[in-house]
2 protein chains.
Amino acid sequence: MDVASRREQILAVTTQLIAERGFWGLSMQDVADRCGLTVPGVLHHVGSKDGLLVAVLEHRDTQDARALAAELGWPAGDLTDTRELEAVALPEVCAALVRRNARQPEIVRLYAVLESEALAPDHPAHSYFAQRQRRVLDAFEQMARGRTAQPRRLAMTVLALMDGLQIQWLRNPDEVDFFHEWEALAGPLFADLRSTKSRRTKPV
Amino acid sequence: MDVASRREQILAVTTQLIAERGFWGLSMQDVADRCGLTVPGVLHHVGSKDGLLVAVLEHRDTQDARALAAELGWPAGDLTDTRELEAVALPEVCAALVRRNARQPEIVRLYAVLESEALAPDHPAHSYFAQRQRRVLDAFEQMARGRTAQPRRLAMTVLALMDGLQIQWLRNPDEVDFFHEWEALAGPLFADLRSTKSRRTKPV
DNA sequence: GTCTATAGGACGATAGAC
DNA sequence: GTCTATCGTCCTATAGAC
């Protein structure tokens with residue numbers, strides 16, 4: 001097996017294991033076993049346990065940004081590309097986010113677990129999640145700017161509602177339809193959003 | 001030191017450590033050290049590591065129910081006491097919950113971390129949190145019944161918003177005023193709640 | 001009720017052969 | 001690129017003295 005696909009395999013396996021155990025509960029032995037390797041074999045590819053975590057998060061970010069852009073029909077870019085985000089419709093972006101997340105509960109669980117673990121300042125992923133929250137809030141706020149009196153507050157509400165509903169869904173995936181519930185819950189939230197005259201469906 | 005207060009000390013120390021590390025990252029050695037005991041000394045009081053976790057959660061539940069009842073001016077009972085919950089005002093209960101939680105970030109962080117970890121079906125606290133979610137949703141729903149068209153959906157929204165805002169607050173305790181933001185975010189949510197003619201401020 | 005001593009593993013990581 | 005072998009550290013839990 002060549003370097004690239006072996007690395008992909010390791011990251012995929014780790015993603016699932018972190019979702020089940022969290023980072024503190026993750027063992028290199030388990031990763032190696034599920035990959036059909038030994039522990040030093042895994043470490044050869046990722047350097048250390050912390051390096052493995054970072055690799056998983058970065059890998060997921062690029063993959064996710066691409067998928068989200070495709071889902072929205074954008075040519076390229078992601079949520080970090082803040083040019084002209086005012087022209088983007090927040091409700092549609094949220095719907096796309098939720099629709100995509102609903103299809104991959106494992107990765108969402110990974111984020112839920114790590115997000116809580118990483119509240120501790122000495123967690124290897126602490127600053128990653130701190131920056132991520134700021135980035136998402138800024139993007140949401142910019143999309144809401146000019147259409148509501150308190151864009152920052154709307155951004156916080158949207159993010160909070162999403163995170164909270166995710167937990168309920170993950171705990172009960174069979175009874176809760178994530179996307180359907182999101183639409184029902186978020187609908188009233190977006191009800192009084194003003195549209196701008198130059199509203200477009202994609203940035204740039 | 002007598003049995004009871006030694007046990008209290010162990011539970012308090014464990015609470016803080018779980019908040020920092022999660023349950024998988026908790027070590028009996030750390031607990032023993034911070035208590036000025038040895039590991040067997042701690043195990044003597046709680047039986048096992050799992051037993052320690054259960055003890056922490058149960059201890060917190062009783063303590064929290066009592067404090068919440070006091071905050072609302074109730075004579076006794078807690079959220080599990082569902083008699084006549086229709087007569088209770090949901091907004092006031094939520095405000096009391098948030099006000100209390102805002103004063104104890106460590107315990108809130110413990111719940112946030114465990115809540116995510118316990119999404120895995122084989123986690124020792126999995127069923128505890130599954131039951132807890134059901135219990136809280138039922139209570140909220142009952143408080144909203146007769147005052148809104150979709151009480152279950154309002155219950156889910158309230159719980160989701162609370163959990164989500166908690167994460168944002170915990171990640172940034174100095175910049176986010178938990179109670180203040182809750183009032184701002186939840187206000188619109190409760191705006192169209194109808195009051196009942198026999199509305200009282202306490203049950204029974 | 002708390003201790004010492006220790007069993008019996010699992011952990012992350014390194015060195016060096018192939 | 002993956003292995004074997006191994007180091008040193010950490011872990012939960014038990015047995016038995018005081």
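Hydrogens, waters and symmetry mates are skipped; everything else that's a heavy atom, side chains included, is used. Quick note on labels: first sequence line is chain A, next is B, and so on, each numbered from 1.
In this structure, K49(B) atom NZ and dT14(D) atom P are separated by 15 Å, rounded to whole Å. Rounded to whole Å, the distance from CG on L26(A) to C1' on dC11(C) is 11 Å. One atom, CG of D50(A), and another, P of dC11(C), lie 16 Å apart when rounded to the nearest Å. For the pair R6(B) CZ and dC3(C) P, the computed distance is 7 Å after rounding to whole Å. With rounding to whole Å, M28(B) atom CE is found 16 Å from dC3(C) atom C1'. The interatomic distance linking W24(B) (CH2) with dT12(D) (P) rounds to 12 Å, in whole Å.
Of the candidates dC11(D), dT2(C), dC11(C), dC11(C) carries the atom nearest the Q29(A) side chain, counting heavy atoms from C-beta on. The side chain of L43(A) lies closest to dT14(C) when the candidates are dC11(C), dT14(C), dC3(C). When the nucleotides dT2(C), dT14(D), dG1(C) are ranked by their closest atom to the side chain of V3(B), dG1(C) comes out on top. For H45(A), whose side chain is taken as the heavy atoms from C-beta onward, the closest listed nucleotide among dC11(D), dC3(C), dG1(D) is dG1(D).
Look at R7(B) and you won't find any side-chain N or O under 4.0 angstrom from OP1 or OP2 of dG1(C). Taking side-chain N and O atoms only, T38(B) has no distance below 4.0 Å to OP1 or OP2 of dT2(C). At dT14(D), none of the side-chain N or O atoms of H44(B) fall inside 4.0 Å of OP1 or OP2 (strictly under the cut-off).
No donor-acceptor pair closer than 3.5 Å links the side chain of K49(B) to the backbone N or O of L43(B).
Nearer to the 5' terminus of DNA chain C, by closest-nucleotide assignment, is the contact made by S27(A) (compared with the other of P40(A) and S27(A)).
When heavy atoms are screened at a 4.0 angstrom cut-off, L52(A) is found touching no nucleic acid atom at all.
A salt bridge links D64(A) with R100(A); the closest basic N to acidic carboxylate O contact falls under 4.0 Å.
Side chains of R134(A) and Q131(A): no donor on one and acceptor on the other come within 3.5 Å. If you check the side chains of R171(B) and Q166(B), you find no donor sitting under 3.5 Å from an acceptor.
Side-chain rings of F23(B) and H123(B) approach one another, their centers coming within less than 6.0 Å.
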